[in-house]
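Only one structure is covered here, and it is reproduced in the block below.
Only a predicted model underlies this, so the values are computations on that prediction, with no experimental measurement involved.
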Amino acid sequence: MTEIRKLRHSDDLFAVSRVYEESWKAAYKGLLPQEYLDHLPAGKWVPLLRQPGRDSLILLENNTVIGVSSYCASRTPELSGWGEIISLYLLPSRWGMGYGRQLFSAVIKQLEAAGYENLFLWVLENNQKARHFYEQMGFHPYTTYLDDAIGGMPVREIQYRRNMSKDTDAPAIRRDTP
């Protein structure tokens, strides 16, 4: 039996962080340095899960956390008034079973209920599997990108948008981060 619900203060944040850790190790194999992935510390995402303004939905199967998705109001000033999907991760053993679609749809509903018509997210440019998933879910790549480094490796993140109010088209943004 599965359940999707908001993260609670009583939830085991290390169990939620474990979903991020295991998913990163599988999803980013070959995309990020293996040394970095091999040494992701347990609990790495715990501090982020309680950040003010950030909400998370968790997906439970038989009361065990198997998925997590975080979202918030846009953290990008140029997209003020937009909703942002920060992350979507499942335990690799649950990939391809439809859980990602369920969790992603639930996050979209949460953002819509909060009044956001326009949504965006960031995805690694080379993560073709994730990009295909987001396109299947109605998001489209935009001209905005973010150059960053993860594990000492330069990476580019592409912004994907779902713009429901066609009269509102925020400007493209190019960001280089240290």
Side-chain angles (χ1 to χ4, degrees), residues 1-8 10-51 53-72 75 83-111 119-139 141 145-160 162 177:
M1 183 171 141
T2 61
E3 173 189 12
I4 297 174
R5 64 167 171 77
K6 280 195 169 186
L7 182 67
R8 299 176 185 153
S10 60
D11 287 322
D12 179 356
L13 296 184
F14 281 88
V16 178
S17 185
R18 185 176 67 83
V19 172
Y20 280 92
E21 295 149 20
E22 289 190 26
S23 187
W24 268 58
K25 288 175 182 180
Y28 300 138
K29 186 176 185 138
L31 300 178
L32 295 177
Q34 193 61 45
E35 174 80 9
Y36 176 77
L37 295 173
D38 289 344
H39 291 94
L40 287 173
K44 177 176 176 56
W45 278 268
V46 168
L48 298 174
L49 292 167
R50 292 285 187 230
Q51 280 184 329
R54 177 183 182 136
D55 290 305
S56 297
L57 291 182
I58 57 173
L59 172 62
L60 299 128
E61 184 179 63
N62 299 320
N63 296 316
T64 299
V65 180
I66 64 166
V68 59
S69 184
S70 294
Y71 57 98
C72 63
R75 299 174 294 174
E84 180 176 355
I85 300 170
I86 301 169
S87 62
L88 174 71
Y89 292 105
L90 297 172
L91 291 177
S93 63
R94 299 312 191 278
W95 292 356
M97 302 172 89
Y99 291 134
R101 285 185 178 280
Q102 291 174 26
L103 186 55
F104 196 72
S105 295
V107 166
I108 289 171
K109 286 179 185 170
Q110 289 290 314
L111 286 163
L119 309 176
F120 75 99
L121 56 87
W122 296 97
V123 61
L124 286 179
E125 181 178 45
N126 294 334
N127 191 343
Q128 295 302 320
K129 185 174 182 178
R131 291 180 68 172
H132 178 74
F133 172 81
Y134 294 131
E135 289 167 13
Q136 293 294 310
M137 297 300 290
F139 283 69
Y145 62 88
L146 171 71
D147 286 327
D148 201 354
I150 300 175
M153 177 182 185
V155 295
R156 175 165 283 177
E157 294 180 72
I158 303 295
Q159 190 179 91
Y160 270 62
R162 190 195 76 170
T177 59

Should [X] and [Y] count as side-chain neighbours, where that means a heavy-atom distance under 4.5 Å?
X: Val155; Y: Tyr28; value: no
X: Tyr134; Y: Pro141; value: no
X: Leu7; Y: Val68; value: no
X: Leu121; Y: Tyr71; value: no
X: Gln136; Y: Arg101; value: yes

If every non-hydrogen atom of [X] is compared with every non-hydrogen atom of [Y], which pair is closest and at what distance?
X: Ala130; Y: Val123; answer: CB-CG2, 3.7 Å
X: Ala26; Y: Trp95; answer: CB-CH2, 3.4 Å
X: Ile4; Y: Ala106; answer: CG2-CB, 3.9 Å
X: Asp11; Y: Arg8; answer: OD2-N, 2.6 Å
X: Leu49; Y: Ser70; answer: CD2-OG, 4.3 Å

Output the distance between atom [atom1] ([X]) and atom [atom2] ([Y]), rounded to the nearest 0.5 Å.
X: Tyr99; Y: Leu88; atom1: OH; atom2: CG; value: 14.5 Å
X: Met153; Y: Tyr36; atom1: CE; atom2: OH; value: 12.5 Å
X: Leu48; Y: Ile86; atom1: CG; atom2: CD1; value: 8.5 Å
X: Gln110; Y: Ile108; atom1: CD; atom2: CD1; value: 11.5 Å
X: Leu60; Y: Met1; atom1: CG; atom2: CE; value: 10.0 Å
X: Glu125; Y: Ile158; atom1: CD; atom2: CD1; value: 4.0 Å

For the pair [X] (side chain) and [Y] (backbone), establish whether a donor and an acceptor sit closer than 3.5 Å, ignoring hydrogens and angles.
X: Asp147; Y: Arg156; result: no
X: Ser87; Y: Ser69; result: no
X: Glu157; Y: Leu146; result: no

Just by distance, with hydrogens left out, do Arg131 and Tyr160 show a side-chain donor and acceptor under 3.5 Å apart?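 Yes, a side-chain donor-acceptor pair sits under 3.5 Å.
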Going by the rule ring pair (Phe, Tyr, Trp, His ring centres under 6.0 Å), which residues pair with Tyr20 if we only count those two or more places apart in sequence or in a different chain?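 Scan of Tyr20 (ring pair (Phe, Tyr, Trp, His ring centres under 6.0 Å), adjacent residues dropped) gives Trp45, Tyr89.
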Is it true that, when you exclude Asp12 itself, more than 12 heavy atoms of the residues, nucleotides or ligands shown sit nearer than 6.0 Å to its CG?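 More than 12 within 6.0 Å, yes.
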Salt bridge (charged side-chain N to carboxylate O under 4.0 Å, His left out) pairs, two or more places apart, involving residues 16-41: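 Those involving residues 16-41 are Arg18-Glu22.
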Trace of the ring-ring contact (aromatic ring centres under 6.0 Å, His included) decision for Phe133 with Phe104: CA-CA 10 Å; Phe133 172 81; Phe104 196 72; 5.6 Å; yes
